[in-house]
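Naming convention: chains lettered A, B, ... in sequence-line order (proteins, then strands); numbering from 1 in each chain. FYI, side chains are in, hydrogens and waters are out, and symmetry mates aren't considered; it's all heavy atoms of this structure.
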There are 2 protein chains.
Amino acid sequence: MSVALEKQESSSDQRSRRSGGREARRAMRAAPLADDIRPVRPGLEGGTYGPLSQNDKERIHEAVLTLLETVGFANAIPSCIEALTRVGATYGDDGRVRLPRALVLDTVRQAARNFTLYGQDPKHDMLIQGKRVHYGTAGAAVHLVDVEKREYRESLLQDLYDAARLVDGLDNIHFFQRTMVPRDIPDPLDMDFNTLYACVMGTSKHVGTSFTVRENVKPALEMLYAIAGGEENFRARPFVSNSNCFVVPPMKFAEDACGVLEACVEGGIPILLLSAGQAGATAPAAIAGAVVQAVAEVLMGLVYVNAIKPGHPAIFGTWPFVSDLRTGAMSGGSAEQAVLTAACAQMAQYYDLPGGSAAGMSDSKLPDIQAGYEKGITNVMAGLSGLNLVYESAGMHASLLGFCLESLIIDNDMLGHCLRCVRGIEVTDDALSIDTIADVCLKGPGHYLGNDQTLKLMQTEYFYPAVGDRFSPKEWNEKGRPDILSRAIAEKKRVLAERFPRHVSRLLDDKLRARFGEMIKLPRNKMGG
Amino acid sequence: MSVALEKQESSSDQRSRRSGGREARRAMRAAPLADDIRPVRPGLEGGTYGPLSQNDKERIHEAVLTLLETVGFANAIPSCIEALTRVGATYGDDGRVRLPRALVLDTVRQAARNFTLYGQDPKHDMLIQGKRVHYGTAGAAVHLVDVEKREYRESLLQDLYDAARLVDGLDNIHFFQRTMVPRDIPDPLDMDFNTLYACVMGTSKHVGTSFTVRENVKPALEMLYAIAGGEENFRARPFVSNSNCFVVPPMKFAEDACGVLEACVEGGIPILLLSAGQAGATAPAAIAGAVVQAVAEVLMGLVYVNAIKPGHPAIFGTWPFVSDLRTGAMSGGSAEQAVLTAACAQMAQYYDLPGGSAAGMSDSKLPDIQAGYEKGITNVMAGLSGLNLVYESAGMHASLLGFCLESLIIDNDMLGHCLRCVRGIEVTDDALSIDTIADVCLKGPGHYLGNDQTLKLMQTEYFYPAVGDRFSPKEWNEKGRPDILSRAIAEKKRVLAERFPRHVSRLLDDKLRARFGEMIKLPRNKMGG
């Protein structure tokens, strides 16, 4: 049977299963589990949770338009001023760029939406649409969390490559944005280039990365075009996006990042328009105000991108963070962060724009119970809100300062839980179970163990963690009281010893190494020999 | 100023603050923080999340009526048959009690709602209404989790008293239902009596407890009436409710529990009508079906209670659990549990009945990262769904088999996060922050540190954990890399050495000890001398 035919069949199974057909049940028992009937998968639809009412969203939108019209942005670079004024922005005597309401509304109407973020391997493509949810990594941590030594050390290029390799095999982490800064590569050009190299060699999932300055984009593009087999191929399926902090909140352009943005738009790289204010420090302490500022900032970025190239794919990256107001320090694991992120998801949906925001950023330094509840609460709320792209969702500690490879493995389970929650409850005639209950009570054995329905739903409706422990206390004791961190450490070591992705062939890598020479800092012998 | 006047004032502050009045701001700066402007508090309104659509709820309701009409319950005791048939139920030749639709609908209309669950101290009274959320404990764990030794040992009466004392001082745990079985007290009467004694002596918050058989209720009532200062006082403010497993799922009465239920109704004790089926074992594996069965079972209980005493306070306790279908073992920390509990909250709201269900039941044996995410995800979803009473929310491990005192302390922080999420986002003119943003950007310092708004919101809008760690990696390292479990152990020891609640006076306790003699097994010298 051809792949296409198989796909068709399983999708028709899926439809009949939802309508509860007997035929479909029979077909399912006969066939192996297709990807689209796994209990969780990328792109499940969220939206059952939302902290903002419709009226709240409209008031935020109005406030945003007012701010863009009256406050605007400082520090625009000449090319930015040129692009924005060309489409109708004003450039004031006070050096601020302001946007008339109509320009903002027109841009929102015409901006790219419902696009795909591609993987090098098409099975990792992500359709960013509606309230479809995808979890992934992000960050610029400067430390690796060494769980065995319970200490923080500087993060290295090899760590980043290892993180990419781990994510490549973790089903519930759908994309890999750069997580750590390679502190062993001080030169900014080398750092940008090798960061990207480590990411795209480590995983065939969609990759996000940053660039320090405009000039660093060019060699990166050259590498990406080579990997894609030509510029045209890359432009058709760009498998890297640019995480771009074009704004220094509140309401100022970041000059270097704007240069990068322009180069990436020109080179065919989708832009994550990232506004990362911090409530109580660089954004208002009022949660609603932090949302207003973030939305205003990202819409400025959206107008900017669309002024350069109408319809260029851009992600509505409202990422306001939260301060612990006692100290001013960031608190990524806070409850305020959870509601803030969910509200941002709702605003992206309000504009029907592809939304990306941050969750899963624990304040805890280690993968402990605090990290667990902070990650669980923020990630599940992001998913339930229908956020399209949940960045920072795995591996992150110390409010973005530390990244932990073992946490990636544990968080993959946690994100499986989140996705299962996003999936929610199917209410069909079959699922309502009237006949099943009546049979069991009136004719049957008085329990549902071994019942047809139970066996049928066991694989399709229930999520099972990989390292999470469900032993009884007795079993747990007999097995020597296993510890989740030890299991994660062992699993990390196993995977890192075995998994050397080869989606970029050795031959192609030889060519890259021939072309870029000494610039590539990740030794071949650390990449599986 | 009288308490009543104070209350009136602070509640009027609260109203003006929400409408953003300048006067209210001034008043707030002048006054100390009143209870109702703390960032989190009992009874915050949830309801921003719900996995079921209106149509889903109606279909579940229809399925429930069909089951009660056609399948009904087996194993009713004579007094139960008498009470139910008197109000219009049928008793079939097959020994099953069935309910006509009209009887169920009439009962739902007339049942008690919007009532208060009282504390011994009125400051702990909980108004159970609408989507007001309260978190508390529950359980019948047979082990205490010894965090220091990483081992499980049998739970003792002293452990239960200690748990009650800890909860008494933990702000985000609003009620104390019996958490552990005192394994050192094998006789059922002694066990029931001492369980209740340990709970009501340990905390002045509302207490929930169980009884093994009908006869054990009498001495308990005698003790409760004595503590209340007379039967009438207790009936006016019952500070204990009966957690009653009147049903053995699927759809059978539990004979002993029915006897207890009748004695408690008669004695003036509110009933938690607890249906604790397990999806895939004693309830359908389909989540929707597990909800249907639980709702049907609890409505049978509601008809029963109201047949005995119309309008007697009863909690709609749909507590379906989840099986790990690979093993059949319960999985309280699962994602399926989280959506199941939230759906139950929605069904209670559908009937406008006071809803209670379970969340926070980790599968992990220890307070580790798995426990954290399982507890966080399930508890926050229960709260966001607007569940009135979230049982099992703190301290629980191993899917209800192990209870941990240190986890109580950590979970109190976690529940603070959940409550902050339930509180959501206030969108007022002030909070939208247009003026604040404009000031900061156009005239001000370019940041919000020290801004009036920031200072104002610092205490009222932001939740700060007590043992949760927000140090930077540098500070953390300098402080010797503190560990959250060590902090919780130290805090537990501190509190247990100091906190001996005296809401029941020594004099009254003397009288109880004189009256009940040897029956009281908790030695006076273990209760603060």
Side-chain angles (χ1 to χ4, degrees), chain A residues 48-49 51 56 63 71 152 250-251 280-282 284-289 292-293 324-325 331 335 338-339 343 363 365 367-373 376-377 380 398 401 410 414 417 420-421 424-425 427 431-434 436-438 441 447 449 453-454 457-458 462-463 468 470 473 476 484, chain B residues 48-49 51 56 63 71 152 250-251 280-282 284-289 292-293 324-325 331 335 338-339 343 363 365 367-373 376-377 380 398 401 410 414 417 420-421 424-425 427 431-434 436-438 441 447 449 453-454 457-458 462-463 468 470 473 476 484:
Chain A
T48 46
Y49 163 63
D56 291 341
V71 176
Y152 275 51
M251 311 288 274
T282 56
I287 305 291
V292 166
Q293 185 180 302
D324 185 312
L325 294 178
S331 174
V339 287
D363 292 324
K365 261 51 70 192
D368 59 8
I369 184 168
Q370 178 187 347
Y373 75 71
I377 289 172
V380 83
L401 292 173
I410 298 168
M414 179 261 300
H417 281 245
R420 180 62 191 84
C421 292
I425 301 178
V427 179
L432 286 167
S433 311
I434 299 180
T436 307
I437 297 171
C441 291
H447 64 74
L449 297 164
Q453 190 197 52
T454 306
L457 299 180
M458 175 174 167
Y462 282 74
F463 171 77
R470 291 181 171 179
W476 177 74
I484 192 164
Chain B
T48 47
Y49 162 64
D56 291 341
V71 176
Y152 276 49
M251 312 288 273
T282 56
I287 305 292
V292 165
Q293 184 181 300
D324 185 313
L325 295 179
S331 173
V339 287
D363 292 325
K365 262 50 69 190
D368 59 8
I369 183 169
Q370 178 188 346
Y373 73 72
I377 289 172
V380 83
L401 291 172
I410 298 167
M414 180 261 299
H417 281 246
R420 180 62 190 85
C421 292
I425 300 176
V427 179
L432 285 167
S433 312
I434 298 180
T436 306
I437 297 171
C441 291
H447 63 74
L449 297 164
Q453 189 197 51
T454 305
L457 298 181
M458 176 173 166
Y462 283 74
F463 171 77
R470 292 181 170 178
W476 177 73
I484 191 164

Where is the tightest heavy-atom contact between Cys441(A) and Met251(B), given as atom of each residue plus distance? SG-CG, 3.6 Å
Side-chain contact, heavy-atom cut-off 4.5 Å: Gln293(B) with Ser433(A)? no
Find the one option among Gly424(B), Pro473(B), Ala398(B), Ala343(B) whose heavy-atom pairs under 4.5 Å with chain A are most numerous. Pro473(B)
If you count heavy-atom pairs within less than 4.5 Å of chain B, which of Leu432(A), Thr454(A), Leu449(A) leads? Leu432(A)
Given a strict heavy-atom distance threshold of 4.5 Å, which part of Ala63(A) is in contact with chain B: side chain, backbone, both, or neither? both
Just wondering, do Asp56(A) and Ile425(B) contact through their side chains at under 4.5 Å, heavy atoms? no
Contact winner vs chain B - Ala438(A), Ala338(A), Pro284(A), Ala431(A), heavy-atom pairs under 4.5 Å: Pro284(A)
Smallest heavy-atom separation, Ile287(B) atom then Arg420(A) atom, equals CG1-NH2, 3.8 Å
Considering residues at least two apart in sequence or located in another chain, which fulfil the ring pair (Phe, Tyr, Trp, His ring centres under 6.0 Å) criterion with Tyr49(A)? none
First locate atom CG of Asp324(A), then atom CZ of Phe463(B), and finally report the distance between them rounded to the nearest 0.5 Å. 11.0 Å
Contact origin within Thr436(A) toward chain B - heavy atom pairs under 4.5 Å: neither
How long is the span from the CG atom in Asp363(A) to the CZ atom in Arg470(B), to the nearest 0.5 Å? 5.0 Å
Which atom of Pro51(B) lies closest to which atom of Thr48(A), heavy atoms considered: CA-CG2, 4.1 Å
Where on Ile434(B) is there a heavy atom nearer than 4.5 Å to chain A: the side chain, the backbone, both, or neither? both
Do Ile369(A) and Tyr373(B) come within less than 4.5 Å of each other through their side chains, counting heavy atoms only? no
Heavy-atom pairs under 4.5 Å with chain B - which of Ala335(A), Gly468(A), Ala371(A), Gly376(A) has more of them than the others? Ala335(A)
Contacting region of Val339(B) [heavy-atom separation from chain A under 4.5 Å]: both
Any non-hydrogen side-chain atom of Asp368(A) less than 4.5 Å from a side-chain atom of Asp368(B)? no
Taking the side chain as every heavy atom from C-beta outward, state whether Ile377(B) and Cys421(A) have any atom pair closer than 4.5 Å. yes
Is it the backbone or the side chain of Val71(A) that comes under 4.5 Å from a heavy atom of chain B, or both, or neither? both
